[in-house]
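Data block below; observations after.
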Amino acid sequence: MSIESQIPIAAEVAARRFARRLAAFYATLFGMTGVHLPFFTVWLKAIGIDSAWIGTITAVPAVTRFTVLPLITGAAERHKMLRGAIMLTGFATAVGFLIIGTQREVFAVLAVYALTCCVWTPMVPLTDAYALRGVAHHGLNYGPLRLWGSAAFVVGALGAGLALGYVVPVHLIWIIAGVTVLGALVGLTLRPLEQASGAATPAPGGGRLLRDPGFLIIIACSALIQSSHSAYYIFASIAWQQAGFSGLTIAVLWTLGVIAEIVLFALSPRFTLPSALLVVIAAASAVARWTVTAQDPPLPILAVVQLAHGLTFGLTQVAIMGLMVRQVPSHMIARGQGYLTACGGIVASATSILCGMVYARYGQGVYYMMAAMAATSGVVMWLARHKFIHHPQSAASGG
């Protein structure tokens, strides 16, 4: 076999190894979230922490997203240790949750959880930055890699739910900690990424990104659409329970949304529309979804509406990653992901507070506010589409 024919085969093998190991890490990363999101508060209640303190403790991750997180992603980029930062934060997160499991006093739990969140919340933007560099380098697609995270989220939530029937709630923290340990070990298998030819050039400061109108439009539109899910995340289960739906029905409704998201990620390599137009489609889908949800529809219509989650969340994620990989220089992608997540955290936190006030007064009418946020994002991206429309490739692909 000639040397020329061996090179493409070696590149293909390297791409497959990168994809498999990244998919496995995404699975542990979001599988942990699937366990943590529904059951961490159950553990807090089980060890005797009252509701007021539970609310304070669970607000910590949102705060770290727009305070500590951009500092860590920026530092990882400056020191050219993106993969190393993923490994370090993975092990630090695992140690943090293991220590949390030994605590019972509210102030101790709050303090250790706050420190743990400082290293845990940067893991997703760091991993997305690593993924986008690999996507560009190996000519892969983002969606099929990311879908394993969504699938693991469902498995984690369902698995922990089944375990709840056999595990005393006070021991749920060890399931969460166990998944973080598994994730830290899987993180060790991530493949190194070759430095681009211009990687030796010192990376400019983040101010360059923040002065780029295109980048600001991307993070603003992403924050508006994704934060328009706030009312759904906070009040959907409460409203469905008040409507008389059983716990199983509520679980199925949530699962329908995640399944639609997984299917969207799997199909994303076939998308040929420019990423900017995909954002507009996602925004329009969100407007329709929240407008219908505001009508308090019956169960059959609600089930169909839940399938729109694939468009409102999944398509937004794929399209924004597509814009990021083309708009942000490779050597600044970690910093860009940090700013993206920080902006989303700020908007989501403010939206959550507003949702509570509006829901208390208007109930399901809060979804009209969500529809307005999504519509704003769609209009902004439509007006700015010419800044990005010259990229016709599949969303978040290296081709």
Side-chain angles (χ1 to χ4, degrees), residues 21-37 40 58 60-77 81-94 96-97 113 116-135 142-143 145-154 156-157 176 179-180 182-184 186-187 190 218-219 222-223 225-227 229 233 258 261-262 265 313-314 316-322 324-325 328 333-349 396:
R21 297 179 186 191
L22 176 59
F25 186 71
Y26 264 131
T28 60
L29 185 61
F30 287 95
M32 181 271 184
T33 305
V35 177
H36 174 276
L37 189 62
F40 182 63
T58 54
V60 170
V63 175
T64 61
R65 285 188 191 102
F66 58 83
T67 52
V68 180
L69 184 153
L71 301 178
I72 291 180
T73 54
E77 192 169 70
M81 54 174 297
L82 184 56
R83 174 171 163 267
I86 293 173
M87 294 178 181
L88 288 174
T89 54
F91 273 98
T93 299
F97 275 102
Y113 187 60
T116 302
C117 286
C118 289
V119 292
W120 173 38
T121 56
M123 289 184 68
V124 170
L126 286 171
T127 305
D128 278 339
Y130 171 83
L132 292 184
R133 285 188 180 176
V135 159
Y142 172 81
L145 299 173
R146 175 61 175 76
L147 73 82
W148 293 103
S150 299
F153 179 93
V154 175
I176 298 172
V179 180
T180 63
L182 177 62
V186 173
L190 292 174
I218 291 170
I219 64 175
S222 174
I225 299 179
Q226 299 295 32
S227 295
H229 293 74
Y233 293 147
V258 181
E261 173 187 322
I262 293 170
F265 284 139
F313 176 84
T316 301
Q317 180 74 5
V318 167
I320 291 297
M321 291 301 105
M324 289 285 288
V325 79
V328 180
I333 197 68
R335 197 177 309 230
Q337 286 291 330
Y339 290 145
L340 176 74
T341 305
C343 179
I346 293 171
V347 176
S349 299

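What you see is a predicted model, and the numbers here were worked out from it, not measured in a lab.
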Heavy-atom side-chain contact between [X] and [Y] under 4.5 Å:
X    : Y    : value
Q317 : D128 : yes
I333 : V325 : no
L340 : M321 : yes
F91  : V119 : no
I262 : F265 : no

Derivation and outcome, side chain to side chain contact (heavy atoms under 4.5 Å, CB included), residues V135 and L145: CA-CA 9 Å; V135 159; L145 299 173; 4.3 Å; yes

Could you work out, with side chain to side chain contact (heavy atoms under 4.5 Å, CB included) as the rule, every residue matching [X], not counting sequence neighbours?
X    : result
R83  : M87, Y130, L190, P192
S227 : S230, V347, A348, T351, M373
P125 : L69, T73, Q337, T341

In Å and rounded to the nearest 0.5 Å, what is the [atom1] to [atom2] distance from [X] to [Y]?
X    : Y    : atom1 : atom2 : result
I225 : I320 : CD1   : CD1   : 6.5 Å
F40  : T58  : CZ    : OG1   : 8.5 Å
I176 : M32  : CD1   : CE    : 6.0 Å
F66  : C343 : CZ    : SG    : 11.5 Å
C118 : Y113 : SG    : OH    : 11.5 Å
F30  : T33  : CZ    : OG1   : 6.0 Å

W120 atom CH2, over 12 foreign heavy atoms within 6.0 Å: yes

[X] versus [Y], closest heavy-atom pair with distance:
X    : Y    : answer
I86  : T127 : CD1-CA, 3.9 Å
A85  : L126 : CB-CD1, 4.0 Å
H229 : F313 : NE2-N, 3.7 Å
F25  : G183 : CE1-O, 3.3 Å
C117 : P61  : SG-CG, 3.7 Å
L71  : T67  : CG-O, 3.7 Å

